[in-house]
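Have a look at the structure below before the remarks.
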Amino acid sequence: MTCFRAPTSFLPPLSILSTHTTASIQDALQDLKDLYFAAALPPKRTLPINAVPALKQDISDTVHVPRPKRTGRLNHSDGVPDSGYASEDDEAEMEGDLESDAEDLDPDVLRSNELERSFSIKWLTGLIKRSDIWTHVLDIAPEEDHIRLVVIEEASKLLARFSSDDEQQEDALTRQFMFPFGAGGEPIMIELNDAPLTATDHTSVGLQSWASAIIFAERICTNPAQYMSIPQGVTPLRVLELGAGTGLLSITTARLLDRMGVDATIMATDYHSAVLDNLLQNVKTNNVSVQIESLDWSKPPPLEPYDVILGADVVYHPEHAKWIKNCVEKALKKGGVFWLIIAMRSSGRHEGLWETVDDAFPDGGCGFPRNEGCGGEMKLAVLQKEDVGRREGIGRADEVRYRLFEIRWLPCCYCC
């Protein structure tokens with residue numbers, strides 16, 4: 001006979017997710033299925049109501065109540081990059097001394113316990129959001145890596161079953177933006193769909209418009225000549241956006257250049273399928289000429305050269321700046337410019353990540369040393385950077401300001 005336990009007593013702690021075996025996560029998912037979605041439930045057993053333990057802990061997607069008793073600090077692992085961005089809610093750091101001794105309980109009583117059900121949903125959400133820490137472990141065999149990806153897909157399906165069962169789905173939000181055009185021209189109007197985050201595409205935070213993109217879009221509209229490097233002659237301006245998300249920068253640029261009568265080819269790229277679908281819908285809604293393609297920063301294909309490359313809030317892991325540099329090296333024309341704006345976060349798992357941009361792109365303000373034998377080749381470097389203050393009504397609480405980087409090809413030389 002199947003024995004049922006409270007999810008708070010058997011779900012493995014996510015604070016040490018990378019150490020859990022494939023079997024342990026599979027067992028946890030199966031136990032959740034048996035408890036909440038079994039095709040044929042076992043006969044009901046009579047159990048006094050006081051056999052259900054009093055569960056007092058607060059539930060969040062970063063808290064786990066392990067059994068046996070554990071006390072630990074929950075931190076994000078920097079060992080494995082998120083695939084794309086994964087920046088939803090920042091991880092809370094907390095210490096716990098929580099346990100539940102519920103075992104072999106009546107399944108109907110457990111299923112009716114809202115705290116246990118809520119904890120299960122939060123645990124699945126946390127597992128999916130942190131899945132890269134577990135699926136891309138360096139010392140596991142390739143076939144094991146594939147099995148773990150399948151397990152995460154099963155977790156996504158299970159979470160979707162919970163959501164369709166009794167959780168209200170978040171509604172999509174239509175947002176309208178009005179950006180000033182030049183010196184007193186008619187404003188640039190943009191309408192975007194901020195779609196709800198999905199249970200199956202767990203790293204699709206590009207479904208939301210972020211403050212850094214809003215701030216930079218306004219700057220581009222206010223002074224297009226400064227940011228667009230508009231070429232002379234008949235050659236179309238080529239613009240590429242990395243991590244386009246809802247497409248705010250690409251769509252704004254398309255509308256702006258059309259207003260100015262500038263012939264342009266604009267390519268918006270992202271990685272996640274749900275993001276790309278929403279991006280396509282936003283392009284259609286605004287009736288602009290923007291091409292859309294999928295792009296994996298970690299494995300970029302050969303790219304056509306672009307005059308301008310844009311990126312807003314696209315650094316969510318120490319490896320991301322390196323990956324992005326590799327993409328830009330393949331795609332930016334000599335004489336082109338890469339504009340990158342990122343949020344400077346004061347706390348949480350993404351605190352201080354702006355510094356990885358400095359690590360990836362050297363400071364070219366006065367030139368940088370030429371390695372012996374380099375032949376005076378061109379290298380990508382930060383020509384200048386500017387800190388931009390918060391804007392009232394936009395941005396997350398942990399975003400203290402934003403840093404805008406101007407990155408160009410510069411010749412190797414000796415530092416002045």
Next item on the list: Please step through side-chain contact (heavy atoms from CB on, under 4.5 Å) for the pair Leu32 and Leu124, ending with a clear verdict.
Entry: CA-CA 10 Å; Leu32 284 177; Leu124 285 168; 4.2 Å; yes
Check: Between Leu248 and Phe179, is any pair of side-chain heavy atoms under 4.5 Å apart?
Finding: yes
Checklist line | Between CD on residue Glu153 and CD1 on residue Ile128, distance to nearest 0.5 Å | finding: 9.0 Å
Next item on the list: Calculate, to the nearest 0.5 Å, the distance between atoms CD1 and CD1 belonging to Ile220 and Ile215 respectively.
Entry: 12.5 Å
Notebook entry, point to check: Less than 4.5 Å apart, any side-chain heavy atom of Arg219 and any of Leu404?
Noted result: yes
Check: Roughly how far, to the nearest 0.5 Å, is the CZ atom of Arg148 from the OG1 atom of Thr22?
Finding: 3.5 Å
Margin query: With no hydrogens and no angle check, just 3.5 Å: does a side-chain donor-acceptor pair link Asp277 and Gln281?
Written below: no
Notebook entry, point to check: Checking side-chain contact (heavy atoms from CB on, under 4.5 Å) against Val283, which of Ile266, Ile251, Asn278 comes through?
Noted result: Ile251
Checklist line | Qualifying residue for side-chain hydrogen bond (donor to acceptor under 3.5 Å, both in side chains) with Glu406, from Gln384, Gln226, Lys385 | finding: Gln384
Notebook entry, point to check: What closest approach, in Å, do Gly243 and Asp270 show between heavy atoms, and which atom pair accounts for it?
Noted result: C-OD2, 3.4 Å
Notebook entry, point to check: OH/Tyr36 to CG/Leu158 distance, rounded to the nearest 0.5 angstrom?
Noted result: 10.5 Å
Margin query: I'd like to know if the side chain of Ser250 reaches the main chain of Gly247, judged simply by a donor and an acceptor atom lying under 3.5 Å from each other, with no hydrogens or angles considered.
Written below: no
Next item on the list: Determine yes or no for a side-chain-to-main-chain donor-acceptor pair under 3.5 angstrom, with Trp354 supplying the side chain and Tyr402 the backbone.
Entry: no
Notebook entry, point to check: Any side-chain heavy atom of Phe216 within less than 4.5 Å of one from Leu310?
Noted result: yes
Item checked: Straight-line distance of Ile394 CD1 to Trp210 CH2, nearest 0.5 Å -> 12.5 Å
Next item on the list: Give, for atom OG of Ser298 and atom CG of Asn326, the distance between the pair rounded to the nearest 0.5 Å.
Entry: 9.5 Å
Notebook entry, point to check: With a 4.5 Å limit on heavy-atom distance, are the side chains of Trp123 and Pro12 in contact?
Noted result: yes
Next item on the list: State, with a plain yes or no, whether a side-chain heavy atom of Glu186 is found less than 4.5 Å away from one of Phe181.
Entry: no
Check: Are Trp134 and His20 close enough that their ring centres sit under 6.0 Å apart?
Finding: no
Next item on the list: Please test Arg345 against Asp313 for salt bridge (charged side-chain N to carboxylate O under 4.0 Å, His left out), starting from the C-alpha separation and ending with a verdict.
Entry: CA-CA 11 Å; Arg345 295 185 167 92; Asp313 221 354; 3.1 Å; yes
Margin query: Could you tell me if the side chain of Gln26 sits less than 4.5 Å from the side chain of Ile147, heavy atoms only?
Written below: yes
Notebook entry, point to check: What residues form a side chain to side chain donor-acceptor pair (under 3.5 Å) with Gln176, not counting sequence neighbours?
Noted result: Glu191
Notebook entry, point to check: Is there a side-chain contact between Pro362 and Lys379, using heavy atoms and a 4.5 Å cut-off?
Noted result: no
Check: Where the side chain of His317 meets the backbone of Glu319, is there a donor-acceptor pair that is under 3.5 Å apart?
Finding: yes
Checklist line | Over all atoms of both residues, closest heavy-atom pair of Lys325 and Leu380 | finding: O-CD1, 4.1 Å
Note to self: With a 4.5 Å cut-off on side-chain heavy atoms, are Leu295 and Pro301 touching?
What the structure shows: yes
Do any side-chain atoms of residues 329-344 form donor-acceptor pairs under 3.5 angstrom with protein atoms, and if so which ones, sequence neighbours left out?
from: Lys333; atom 1: NZ; to: Asp307; atom 2: OD1; distance (Å): 3.3
from: Trp339; atom 1: NE1; to: Tyr227; atom 2: O; distance (Å): 3.0

Notebook entry, point to check: Which atoms form the tightest heavy-atom contact between Ala217 and Leu249, and what is the distance?
Noted result: N-CD2, 3.7 Å
Notebook entry, point to check: Which pair of heavy atoms, one from Pro187 and one from Met178, lies closest together, and at what distance?
Noted result: CB-CG, 3.3 Å
Note to self: Between Val288 and Asp258, is the side-chain contact (heavy atoms from CB on, under 4.5 Å) condition met? List the steps.
What the structure shows: CA-CA 9 Å; Val288 292; Asp258 182 67; over 6 Å; no
Margin query: Holding to side chain to side chain donor-acceptor pair (under 3.5 Å), I want the full list of residues that pass it with Thr19, two or more places apart in sequence or in another chain.
Written below: none
Note to self: Check this for me: Arg175, atom CZ, are more than 12 non-hydrogen atoms of other residues, nucleotides or ligands nearer than 6.0 Å?
What the structure shows: yes
Margin query: I'd like to know if the side chain of Thr222 reaches the main chain of Gly182, judged simply by a donor and an acceptor atom lying under 3.5 Å from each other, with no hydrogens or angles considered.
Written below: no
Checklist line | Name of the residue among Asp194, Ile292, Thr246 meeting side-chain contact (heavy atoms from CB on, under 4.5 Å) with Asn282 | finding: Thr246
